[in-house]
Structures are given as structure tokens and as C-alpha cells.
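Computed from a prediction, not measured in an experiment: that's the story for all the values here. Ligands are counted one by one from 1 in listed order, and the atoms in each one are counted from 1 as well.
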Amino acid sequence: MYTSFMKAILYNPPVCGAVITGSQAYPLLSGNVLFYEANNGTIVVADLTGLVEAGTEQEACRLPRFYGFHIHEGNACGGTQQDGAFLAAGSHWNPRKCEHPAHAGDLPVLLSNYGKVWSACYTEAFMPWEVLGHTVILHDQPDDYRTQPAGNAGERIGCGTIVPFQ
Ligand SMILES: [Cu+2]
Ligand SMILES: [Zn+2]
């Protein structure tokens, strides 16, 4: 028997999602982050490939490892590698003015397996439609869930603006 969580992602389309593109340092990164309504909250599914740094495709550091993953408050992914990739995404989305890691946009780290990620979590920090117009950001280091203001998660390496699913 499926729970209501499994039913939510198997039998319903997402409410919204973001198409992820990589920074100059992660040109192979692509895929989607999808937001489904479930119970009193949201299931977030990350479905990504190519999460490997340019030039490291053949190296042992491609072994499974963790990457920071948040919803940021900005509505765009602009920003140069020099000034900071995806600087336009702004800070962690934080509508209730809490401290990290209690920002509504704080999510579990992603596990990349030779560049492949499939990950899902359930959160009651927001409903899917509340994140419309904000951004999904991936970082090159795992969030430590302690350091202020953003978990010391390193560079921004992937970004996408959250838009209605179609
Ligand atoms: Cu972030
Ligand atoms: Zn945060």
C-alpha cells in the first residue's frame, strides 16, 4: 500500500518546478527540481545529472558526495563567475525571519553519485505555490546546518527559477 506521500508524486503532476543549469565550473549539470502538494506541505524532488566539476569527470572525487541545497529569495540566476555565480538569487528564502537552518528555504543536502542525483523530501515549511518566483540553488559544499547565515555551503554551482509546472 502506498502512503499519501507516494500517491502525491505518482498520481499528480508537480505544482511548480525549476529547470537547473550549472555555473561555468559545472557545465554538465542539468535537470529539474519539482514541488508536489502532499498532505499539509510539499514534496521536493531533485532529479539531476552532470553534478561534477569540469575537469574532474574521471577522478575518484566523483565518488558519492554531498552538496548544499536551498531555496533562495531572489527571482533570477544572474551573476558572473568573477563576482559570484548566481548572485542574483540572493539569500536563503526566509519569510518568517528565522535563523539558519530554520529558514523556510533550508533543505536536506543532495547526494550525488558520479553526477547523478535523485532525492526527495517532505517539508511543512511551505506549500508548493509559496515558492513560485523564488530560486533553487545548489552549492559545492554540504550545508553544515550550524554556521550563520547560510551553513558554509560554499560556491553556488547550480540555479533555477521556480515557475508553474507545464
Ligand atoms: Cu543556498
Ligand atoms: Zn538557511
query: How about Y26 and Q24: does a side-chain donor come under 3.5 Å of a side-chain acceptor?
result: no
query: side chain to side chain donor-acceptor pair (under 3.5 Å): which pairs involve residues 155-166, sequence neighbours left out?
result: none
query: Between H92 and H72, does the ring centroid distance fall short of 6.0 Å?
result: yes
message: Evaluate H100 against D143 for side-chain hydrogen bond (donor to acceptor under 3.5 Å, both in side chains), listing each step before the verdict.
response: CA-CA 10 Å; H100 185 80; D143 189 321; 2.9 Å; yes
- line: Excluding water, the protein N, O or S atoms sitting under 2.8 Å from the Cu ion (ligand 1) are H70 ND1, H72 NE2, H139 NE2
field: Sub-6.0 Å ring centroid separation between W129 and F35
entry: no
task: Indicate yes or no: at least one non-hydrogen side-chain atom of V33 is less than 4.5 angstrom from one of D47.
output: no
The Zn ion (ligand 2): protein N, O or S atoms [distance under 2.8 Å]: H92 ND1, H100 ND1, H103 ND1, D106 OD1, D106 OD2
query: Any side-chain heavy atom of W118 within less than 4.5 Å of one from V45?
result: yes
task: Measure the shortest side-chain to side-chain distance between T135 and I71 over non-hydrogen atoms and say whether it is less than 4.5 angstrom.
output: no
query: What residues, two or more places apart in sequence or in another chain, satisfy disulfide (SG to SG under 2.5 Å) together with C159?
result: C77
